[in-house]
Amino acid sequence: SIRTRPAGWPVMYQTWDKLLFVHWPIAAELLQPLIASGLRLDTFEGRAWVSVSPFTMWGMRPLFFPPLPVLSQSHELNVRTYVHVEGVPGVWFFSLDASNALAVFGARLSLGLPYFRARMRLQEHQAAIHFTSTRVHPGAPAAQFEGTWSRGEPLPSPPPDTLDFFLVERYCLYTTRRGQLYRVRIFHRPWPLRRVERLSGRRPATHRIVDVCQHLELVGRLDHPQCLLEVGAHDFVGCDMVGGAGPEQEIEYTVNRHRV
């Protein structure tokens, strides 16, 4: 993984919290046709993985600007898989739903990411978190999520040869814009992980995968997640576009327009 801070000035800061990772193993041949040309699926012990991640964020702001009330906050839900280019591991998003319409517009315009407007709600009661999402983006496929989970005990930092490390130690994402593949670097401290003790809900965490993944028949394969991890507040300090989250921690986005 790439843990070093990217070169250049960060272009955006944001803080993530109450982030849930829900993971399923999937045969690589089912997913490879759904990712961009030039990307290869990253696998662990021969299996590819699909993940769903609901969370909330705040403090979204460009460099040199303070966060603005309401505009700097959003809930989000993303569906992703794991890829690499020339040995650089990252994530590929099938979809990203968000409650902040401005964030959806900005991410679609600037990065070409498949963001969609959604109506979302997050409630917390003691150690339990309840998250709901209904996509309301005009012209987009329907997508819903409803899940409740409880936090377990803190986990130690995962060793490099473990599945947990493979799934969460990702410091870049890949996207396409105008037919060009880009790598977007993200800098933050390693996630402070907790094992999830309970996950429940209506078709828990499938997020209408059959629609999200371009009609690939995955729903029946995703009913029983094999790995559940939850993290606390995490600050993203930056992201670097190359080639075309426990104690609060900031996440940077440093964008340099170089193509992969």
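Both backbone and side-chain heavy atoms feed into the values below; hydrogens, waters and symmetry mates do not.
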Fill in: Heavy-atom closest contact (R194 atom, L155 atom, distance)
C-CD1, 3.8 Å

Worksheet item: Do you reckon V136 sits in the same ILVMFWY cluster as V79, going by side-chain contacts under 4.5 Å, direct or chained?
Response: no

Discussion item. Please find the pair of heavy atoms, one from F131 and one from F55, that lie closest to each other, and give the distance.
Written reply: CE1-O, 3.6 Å

Item to complete: Would you give the length of the straight line joining atom CD of E86 to atom CZ of R40, rounded to the nearest 0.5 angstrom?
Response: 13.5 Å

Fill in: Pair W24-V52, side-chain contact (heavy atoms from CB on, under 4.5 Å): steps then yes or no
CA-CA 9 Å; W24 297 264; V52 172; 3.6 Å; yes

Discussion item. I'd like to know if L173 and F116 are part of one continuous hydrophobic network [Ile/Leu/Val/Met/Phe/Trp/Tyr, side-chain heavy atoms within less than 4.5 Å].
Written reply: no

Worksheet item: Under 30°, 30 to 60°, or over 60°: which ring-plane class applies to F166 and Y82, parallel, tilted or perpendicular?
Response: tilted

Worksheet item: Under 6.0 Å from the CD atom of E153, do we count more than 12 heavy atoms belonging to anything else shown?
Response: no

Worksheet item: So, the side chain of H137 versus the backbone of R117: is there a donor-acceptor pair under 3.5 Å, distance only?
Response: yes

Worksheet item: What's the spacing between E76 CD and L96 CG if we round to 0.5 Å?
Response: 5.0 Å

Worksheet item: What is the minimum heavy-atom distance between A36 and L181, and which atoms define it?
Response: CB-CD1, 4.4 Å

Practice prompt. Determine, for F145 and R135, whether the Lys NZ or Arg CZ falls below 6.0 Å from the six-membered ring centre while staying within 45 degrees of the axis.
Written response: no

Worksheet item: Roughly how far apart are L41 CG and W49 CH2, rounded to 0.5 Å?
Response: 13.5 Å

Worksheet item: Between atom OG of S157 and atom CG of L193, what is the distance when rounded to the nearest 0.5 Å?
Response: 7.5 Å

Worksheet item: Are L30 and F94 in one and the same hydrophobic cluster, where Ile, Leu, Val, Met, Phe, Trp and Tyr link if side-chain heavy atoms are under 4.5 Å apart?
Response: yes

Fill in: Shortest non-hydrogen contact from M120 toward D97
CE-O, 3.2 Å

Worksheet entry | Heavy-atom pair with the smallest gap, counting every atom of L163 and F44 | N-CZ, 3.4 Å

Response to the item:
Taking every heavy atom of L31 against every heavy atom of A48, the minimum-distance pair comes out as CD1-CB, 4.1 Å

Fill in: Partner of K18 by side chain to side chain contact (heavy atoms under 4.5 Å, CB included), out of R151, M57, H75
R151

